[in-house]
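Scroll down for the structure; my scribbles are underneath it.
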Amino acid sequence: MTSADLNTWASNFSALRDMLDNYESEAARINPNSPNQGTSQLVAFQYGTCLSMLDLAPWQEKPAWLDAVEFGPTAGNEHKLLASRYVLEATLNHVDNVPLEQARTALRNSADRLEQFAIRWAEEGVDSAELDAIATERRALAGRAKKAAAAVSQQ
């Protein structure tokens with residue numbers, strides 16, 4: 001992990017938050033015949049943008065660290081930990097069928113919070129207590145996502 005990686009992700013979280021604020025106009029621009037498809041479309045935009053920010057193509061197999069319950073070593077990968085925590089939260093907003101405004105608010109708050117971690121860690125170094133808290137939250141989100149995926153595959 002470098003300060004540059006964390007600064008990049010601070011900027012990325014800001015861009016993701018801006019997308020949330022401009023969802024309706026962006027959705028209308030991208031698909032004028034069906035401009036607002038609610039939380040599923042919002043999450044799809046966020047997910048696709050995150051993949052692009054991670055230099056991952058949607059047709060490629062996603063790396064295990066993105067949604068595995070156990071993230072793996074965090075040293076040097078703090079920016080990926082923050083990004084995967086956001087991706088998992090966004091995904092669960094879709095899975096849980098969260099109403100659009102509630103999902104937008106939750107993701108905006110998450111982007112704000114994760115941006116602040118990235119900025120602070122880039123400037124001051126990674127705070128181990130904050131890192132542990134994010135890893136714990138991420139593990140819980142990944143566990144929920146894994147259970148949801150298992151339930152869908154049983155149908």
Side-chain angles (χ1 to χ4, degrees), residues 1-23 26-27 30-31 36-122 126-127 130-153:
M1 177 252 357
T2 66
S3 292
D5 292 327
L6 287 167
N7 283 324
T8 296
W9 271 93
S11 178
N12 288 347
F13 287 126
S14 177
L16 289 163
R17 185 182 55 247
D18 289 347
M19 284 180 65
L20 293 166
D21 292 339
N22 299 313
Y23 166 65
E26 192 66 14
I30 291 170
N31 189 357
N36 185 342
Q37 296 297 313
T39 301
S40 294
Q41 185 180 54
L42 176 79
V43 169
F45 286 176
Q46 293 281 293
Y47 188 85
T49 301
C50 281
L51 288 181
S52 175
M53 291 171 168
L54 290 163
D55 294 324
L56 300 171
W59 56 86
Q60 294 175 318
E61 184 176 345
K62 62 185 186 274
W65 61 262
L66 191 60
D67 62 1
V69 174
E70 293 303 322
F71 179 77
T74 54
N77 294 304
E78 292 86 353
H79 61 294
K80 290 180 180 180
L81 179 74
L82 295 173
S84 66
R85 192 232 175 270
Y86 187 84
V87 166
L88 287 162
E89 182 175 359
T91 300
L92 287 168
N93 273 278
H94 166 70
V95 168
D96 295 342
N97 202 25
V98 174
L100 176 61
E101 284 309 311
Q102 185 179 338
R104 188 185 338 221
T105 298
L107 292 173
R108 185 182 297 116
N109 291 341
S110 184
D112 285 342
R113 181 173 170 247
L114 296 172
E115 178 186 16
Q116 292 308 308
F117 283 129
I119 290 169
R120 192 169 45 256
W121 293 355
V126 176
D127 178 284
E130 291 174 340
L131 181 70
D132 289 345
I134 293 294
T136 299
E137 292 170 14
R138 190 210 163 279
R139 189 176 305 112
L141 292 169
R144 284 186 50 219
K146 183 176 181 178
K147 286 180 185 173
V152 167
S153 69

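- Between the OG1 atom in T91 and the CG atom in L141 there is a gap of 9.5 Å [rounded to 0.5 Å].
- Across S84 and L66, no two heavy atoms sit closer than the pair CB-O, 3.3 Å.
- With sequence neighbours excluded, no residue satisfies salt bridge (charged side-chain N to carboxylate O under 4.0 Å, His left out) with K147.
- From L16, atom CG reaches atom CG of D112 across 11.0 Å, with rounding to the nearest 0.5 Å.
- Qualifying side chain to side chain contact (heavy atoms under 4.5 Å, CB included) partners for A44, counting only residues two or more places apart in sequence or in other chains: none.
- Of all the heavy atoms in L42 and A103, the pair that sits closest is CD2-CB, 4.4 Å.
- The salt bridge (charged side-chain N to carboxylate O under 4.0 Å, His left out) test applied to D18 returns no partner, not counting sequence neighbours.
- Screening residues 99-109 for side-chain hydrogen bond (donor to acceptor under 3.5 Å, both in side chains) gives D21-R108, E24-R104, E101-R104 as the qualifying pairs, with residues at least two apart or on separate chains.
- Partners of S11 by side chain to side chain contact (heavy atoms under 4.5 Å, CB included), not counting sequence neighbours: none found.
- Evaluation of the salt bridge (charged side-chain N to carboxylate O under 4.0 Å, His left out) rule for R85 yields E89, E137 as partners, not counting sequence neighbours.
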(request) Kindly indicate, with the supporting measurements, whether the criterion side chain to side chain contact (heavy atoms under 4.5 Å, CB included) is fulfilled by W121 and H79. (result) CA-CA 10 Å; W121 293 355; H79 61 294; over 6 Å; no
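- For D127, the salt bridge (charged side-chain N to carboxylate O under 4.0 Å, His left out) test picks out no residue, with sequence neighbours left out.
- A side-chain donor from one of S14 and R17 sits under 3.5 Å from a side-chain acceptor of the other.
- For A118, the side chain to side chain contact (heavy atoms under 4.5 Å, CB included) partners are L6, A10, L82, not counting sequence neighbours.
- Sorted by first then second residue, the ring pair (Phe, Tyr, Trp, His ring centres under 6.0 Å) pairs that include residues 82-108, not counting sequence neighbours, are F13-Y86.
- Between the CD atom in Q116 and the CD atom in E130 there is a gap of 10.5 Å [rounded to 0.5 Å].
- Every residue two or more places apart in sequence or in another chain that forms a side-chain hydrogen bond (donor to acceptor under 3.5 Å, both in side chains) with R144 is listed here: D96.
- Applying the side-chain hydrogen bond (donor to acceptor under 3.5 Å, both in side chains) rule to pairs touching residues 51-63 yields K62-D67, sequence neighbours excluded.
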(message) Please evaluate residues I134 and F117 with respect to the criterion side chain to side chain contact (heavy atoms under 4.5 Å, CB included), reporting the C-alpha separation (whole Å), side-chain torsions for both, the decisive distance (0.1 Å), and the verdict.
(response) CA-CA 10 Å; I134 293 294; F117 283 129; 3.4 Å; yes
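- In this view, N7 satisfies the side-chain hydrogen bond (donor to acceptor under 3.5 Å, both in side chains) rule with no residue, not counting sequence neighbours.
- Residues W9 and L114 fail the side-chain proximity criterion, which asks for heavy atoms closer than 4.5 Å.
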